[in-house]
Amino acid sequence: MADFKDLRDYLGRLRAKLGDGAVQDLSGAHWDLEIGCLSELSAQRTGPALLFDDIPGSPSGFRVLTNYMGTVPACAVALGLEPDTPGIEIVRTWKERSRSLNLIPFVNVGAGPITQNVTEGDKVDLTRFPTPRWHEDDGGRYIGTACLVIVRDPDTGWINVGTYRGCVQGRDRLSLWMLKNHGRAIATKYWARGQACPVAVVVGCDPILATAAAMTAPEGVCEYDLAGALRGRPVEVLYPPGSQLPVPAHAEIVIEGEVASPEVEAVLEGPFGEWTGYYTHSGPEPFVRVKRIMHRNDPIILGCPPMIPTITPGDQAVPMYGASIAWEHLDRSGVENVTGVWAYGRQLMVVIAVKQTAPGQARRALETAAANPRNSGGMQRFFVVVDDDIDITDLEHVLWAICTRTRPVETINIIDSQTTIIDPRLAPDRRAAGDLSMGKVLIDACKPFDWIDQFPIQNRFRDDYRDEIRTRWSSRLPL
Ligand SMILES: Cc1cc2nc3c(=O)[nH]c(=O)nc-3n(C[C@H](O)[C@H](O)[C@H](O)COP(=O)(O)O)c2cc1C
């Protein structure tokens, strides 16, 4: 289990487990595009976590962290696993721990470093923080990328935590882009009563908590408790004076205020370079009227700038938890002999490995995965099933299986399905009409079960012979 309670502990753990090079300190990069571009270039090389300080326009010590889970070993450390844990085992751990049965409720510890600096009323000033402008065509500076947006259901008291992009719109204004999710549904309840919705936005917390916030927990489940399950220890919170919204006691920055209905007041939000690899959405959206800002000494903004999916993202946990959700769904649906699930292009393509023991098994795995209602808002386009001799964490292997084990007229199928509003392939007129039909491709790239024993044998050396040759020759030839 992960024995750290906040972002700083996590950074210390990364350095201790993976060496000092796992976190690169960088001084003097500019908030306007330079931090964003450095993050992208470094992620492209699967580089270290980047901790930016001395950012022009902000006090020294006000920092930005990016690419904090940019490698598979860093994801392992975040979950408290050994750094050499294989990717599939990380996905399996994620799946096992996120089962709702193991939720660990958050605890109120009453005090914590988040209250080290508090400003209220006229004194609040979001522009003090070194919020990057991440991409060239972004419509503003987005402080909320890996943020937590906390709201409370006025009827049940359920505390919901979600991640919605947040743009600094002035000293005391933070716009939020809330799509059709639990957070929006709760805010709408306040708006229907003619009230503004109280909200707390956390910018900077440990990466597992940030990842849990973006997971689609069932209605009534608090993502803090899901994070507790993933980390193996409860999230420690406090209630700021006069607030019913618990915030992590060890958070870096907390922004509190109220969001009025967009019919009452709204600001222009977007566009923003999104995880699909394209800029999305610009239009009037609701915003937080900020009433109080709390931050730790020398606060760290946790930055998760979306990157084009052709680049290994600075946050590899997103595809991993996407894979774990697909795998959990297969388990729950009784699909047997799944040996692993992996995701590519963030989560746009899902690959399942099965050990075939019966006819129709592979097909069932495919159809079940494609029908999962929790699949990334519906934008997942390609579902692939392969045999368990394929290394699904290696795209070349997956492509080889697709190219040699499919019979396209029979084993590749297209089904109808709905996509999400941010899908770049939605035609403007269909988007305007709310027509989200798109479709999915189901690729069965397994050996045909009915003549599996006669399927040609692959011409790669056996692992034991490869190991033997490596041992004998590696002093003379790097192997
Ligand atoms: C980095 C990141 C950014 C996200 N940005 C947004 C966003 O701007 N708006 C949105 O509605 N969902 C966004 N999401 C997805 C939501 O966080 C996700 O659907 C979550 O489950 C919503 O939680 P809720 O249903 O509890 O409100 C983002 C997810 C991630 C990982």
Side-chain angles (χ1 to χ4, degrees), residues 39 43 65-70 98 100 134-135 138-140 142-153 156 158-167 174-189 197 199-205 207-227 259 262 269-277 279-283 285-288 301-307 309 313-322 324-325 343 346-348 372-380 420-423:
S39 302
L65 176 70
T66 63
N67 300 4
Y68 46 86
M69 283 201 283
S98 62
S100 53
W134 296 106
H135 317 96
D138 283 353
Y142 280 80
I143 196 169
T145 52
C147 59
L148 319 180
V149 179
I150 301 139
V151 290
R152 182 177 182 278
D153 189 308
T156 64
W158 162 38
I159 299 295
N160 185 72
V161 186
T163 301
Y164 324 119
R165 72 192 198 196
C167 183
L174 175 74
S175 59
L176 294 176
W177 192 44
M178 300 164 86
L179 294 164
K180 228 171 139 187
N181 45 41
H182 289 144
R184 178 118 198 167
I186 290 173
T188 305
K189 286 190 180 182
C197 173
V199 61
V201 181
V202 172
V203 181
C205 60
I208 294 298
L209 180 48
T211 311
M215 294 175 80
T216 313
E219 194 171 328
V221 169
C222 177
E223 285 80 359
Y224 282 154
D225 303 349
L226 189 55
V259 186
E269 195 273 350
F272 185 54
E274 276 290 358
W275 63 272
T276 57
Y279 289 93
T280 59
H281 179 78
S282 176
E285 293 296 333
F287 63 91
V288 185
I301 293 176
L302 187 66
C304 186
M307 292 180 195
D315 176 3
Q316 293 224 18
V318 172
M320 284 198 190
Y321 86 65
S324 78
I325 287 170
R346 301 294 278 177
Q347 302 177 37
L348 295 174
N372 184 3
R374 292 170 67 203
N375 65 17
S376 191
M379 241 204 83
Q380 287 169 337
T420 163
I421 197 77
I422 68 169
D423 195 319

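In what follows, every heavy atom counts, from backbone to side chain, and hydrogens, waters and symmetry copies are set aside. One-based numbering, in listed order, for ligands and for the atoms of each.
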>> Return the closest protein heavy atom for atom 27 (O) of ligand 1 as residue, atom name and distance.
In response: Y164 OH, 2.5 Å
> Under 4.0 Å from any heavy atom of G183, which atoms of ligand 1 are there?
Replying inline: 27 (O)
> For I159 and I150, what are the C-alpha separation, side-chain angles and deciding distance, and is it a side chain to side chain contact (heavy atoms under 4.5 Å, CB included)?
Replying inline: CA-CA 7 Å; I159 299 295; I150 301 139; 3.8 Å; yes
> Which atoms of ligand 1 sit under 4.0 Å from any heavy atom of T145?
Replying inline: 1 (C), 2 (C), 3 (C)
> Which heavy atom of the protein is the closest neighbour of atom 23 (O) of ligand 1, given with residue, atom name and distance?
Replying inline: G162 CA, 3.8 Å
>> Taking P306's backbone N and O only, do any of them form a donor-acceptor pair with E274's side chain (distance below 3.5 Å, no angle check)?
In response: no
> Does at least one non-hydrogen atom of E223 fall below 4.0 angstrom from an atom of ligand 1?
Replying inline: yes
> What protein heavy atom is closest to atom 5 (N) of ligand 1, reported as residue, atom name and distance in Å?
Replying inline: T163 O, 3.6 Å
>> Quick one: does any side-chain atom of Y164 pair with a main-chain N or O of C147 as donor and acceptor, under 3.5 Å?
In response: no
> Going by the atom numbers of ligand 1, which of them fall below 4.0 Å from some non-hydrogen atom of V161?
Replying inline: 26 (O)
>> Donor-acceptor check, side chain of W158 to backbone of E219, threshold 3.5 angstrom: yes or no?
In response: no
>> Is the ring pair F272/H135 parallel, tilted or perpendicular, if the boundaries are 30 and 60 degrees?
In response: perpendicular
> For the side chain of D153 and the backbone of T156, is there at least one donor-acceptor N/O pair under 3.5 Å apart?
Replying inline: yes
> Relative to atom 26 (O) of ligand 1, which among I186, N160, I421 owns the nearest non-hydrogen atom?
Replying inline: N160
> In terms of residue, atom name and distance, what is the protein heavy atom nearest to atom 25 (O) of ligand 1?
Replying inline: H182 N, 3.0 Å
>> Tell me the protein heavy atom at minimum distance from atom 30 (C) of ligand 1, and give that distance in Å.
In response: A214 CB, 3.9 Å
> What atoms in ligand 1 come closer than 4.0 Å to a heavy atom of R165?
Replying inline: 5 (N), 6 (C), 7 (C), 8 (O)
> How long is the gap from CH2 on W134 to SG on C304, to the nearest 0.5 Å?
Replying inline: 8.5 Å
>> Using a 3.5 Å distance criterion without hydrogens, assess whether the side chain of E223 forms a donor-acceptor pair with backbone atoms of V161.
In response: yes
> For ligand 1, which atoms, with element, lie under 4.0 Å from some heavy atom of M215?
Replying inline: 21 (O)
>> Rounded to the nearest 0.5 Å, what separates atom NZ in K180 from atom OG1 in T188?
In response: 11.5 Å
> At what distance is the nearest protein heavy atom to atom 9 (N) of ligand 1, and which residue and atom is it?
Replying inline: W177 O, 2.7 Å
